[in-house]
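Protein chains get the first letters and strands the later ones, always in sequence-line order, with residue 1 at the start of each. Worth saying up front: this structure is predicted, and the values here are computed from it rather than measured.
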Number of protein chains: 2
Amino acid sequence: MQRLLIMKYLLTHKTHPTADDIYNELSKRMPTLSKTTVYNTLKLLAESKACLALTLDEKNIHYDGDTTLHGHFLCKECMTIIDIPINEISLNREESSDYTVDSMEISFYGRCSACQKKRM
Amino acid sequence: MQRLLIMKYLLTHKTHPTADDIYNELSKRMPTLSKTTVYNTLKLLAESKACLALTLDEKNIHYDGDTTLHGHFLCKECMTIIDIPINEISLNREESSDYTVDSMEISFYGRCSACQKKRM
DNA sequence: ATTAAAATTGTATTCATTACAACTTTGGAC
DNA sequence: GTCCAAAGTTGTAATGAATACAATTTTAAT
């Protein structure tokens, strides 16, 4: 039940919340909710690819219910995360009129060839 | 002096070390080195863009002396980080014969329009 | 030689995340 | 309905990377 609420929260909020954010929101209406449940569930959902676990903020893991391919912009001042549609991404220096980008990171996750072989 | 050694270490090792990695290596030859110095210095270097602070591993910040545009691949099993040349990156599902990619993250960092304005 | 700024150090603290063990709920077998 | 194992949930305690802080040392300019 808690899991469903957490998943629903992710799908209806595009704010890229942290585990703590979600706990604070949901525990208002469900006072028995445990922080551990939120952490466990988010980990589970991310591992099963039902959501994304974003690591761009070095302080906290942020979660995203939108699993379609898109980028993110983190404002280093207010720490807000904004979605960047894939068609707006160029691999060269990004310069929008809205915001200034001073660095980018492109990360891939999976299993390397060595670990791949070990599995067989 | 310590700063120079740390910077030199980053430039001569393409292993994307963590602060701890660097401390462990350098303290062999410089037993008085402090962990705090390593953390402070890496933070400083990254802020001044002399190196990159990679956040793709949610457990540790990894540092990269190579500031040219390139991507990274993190093996979830052995936690090794491999460089991905920019010309090998396609924004569609990445499938190499060497390794399997099951997710990717494209992150931009800077200041949003609201925070931009506040500064003036 | 003096001295202020910069760099370095060690210890103590913070805080997000995880480990763990206990407890509760769920849903199928009978 | 009752029983029971598996799955889900909870609270507390532990972990560990990163930072705060205050003290000490080094640097370099005058």
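Distances were taken from every side-chain heavy atom of Lys59(A) (C-beta onward) to each of dT10(D), dT9(D), dA18(D); the shortest belongs to dA18(D). Side-chain proximity of Asn60(A) to the nucleotides dT17(C), dT9(D), dT9(C) is greatest for dT17(C). Looking at the side chain of Ser34(B), the nearest of the listed nucleotides dT17(C), dT9(C), dT8(C) is dT9(C). Closest to the Thr36(A) side chain, of the nucleotides dA19(C), dT9(D), dT17(C), is dA19(C). Counting only heavy atoms from C-beta on, Ala19(A) has its side chain closest to dT17(C) among dT17(C), dT19(D), dT9(D).
Residues Leu44(A) and Leu11(A) fall into different hydrophobic clusters, defined by Ile, Leu, Val, Met, Phe, Trp and Tyr side chains chained together at heavy-atom separations under 4.5 Å. Both Leu54(B) and Tyr109(A) are assigned to one and the same hydrophobic cluster, defined by single-linkage of ILVMFWY side chains at heavy-atom distances under 4.5 Å.
DNA chain C is contacted by both Leu4(B) and Asn40(A); Leu4(B) maps to the nucleotide lying nearer its 5′ end (nearest heavy atom per residue).
Residues His13(A) and Ile22(A) fail the side-chain proximity criterion, which asks for heavy atoms closer than 4.5 Å.
Distances shorter than 4.0 Å separate none of the side-chain N or O atoms of Gln2(A) from OP1 or OP2 on dT25(C). Regarding contacts with the backbone of dT19(D), a side-chain N or O of Lys43(B) is found under 4.0 angstrom from either OP1 or OP2. Residue Thr32(A) places at least one side-chain N or O under 4.0 Å from the OP1 or OP2 atom of dT10(D). The phosphate of dT18(C) has neither OP1 nor OP2 within less than 4.0 Å of any side-chain N or O from Tyr39(A).
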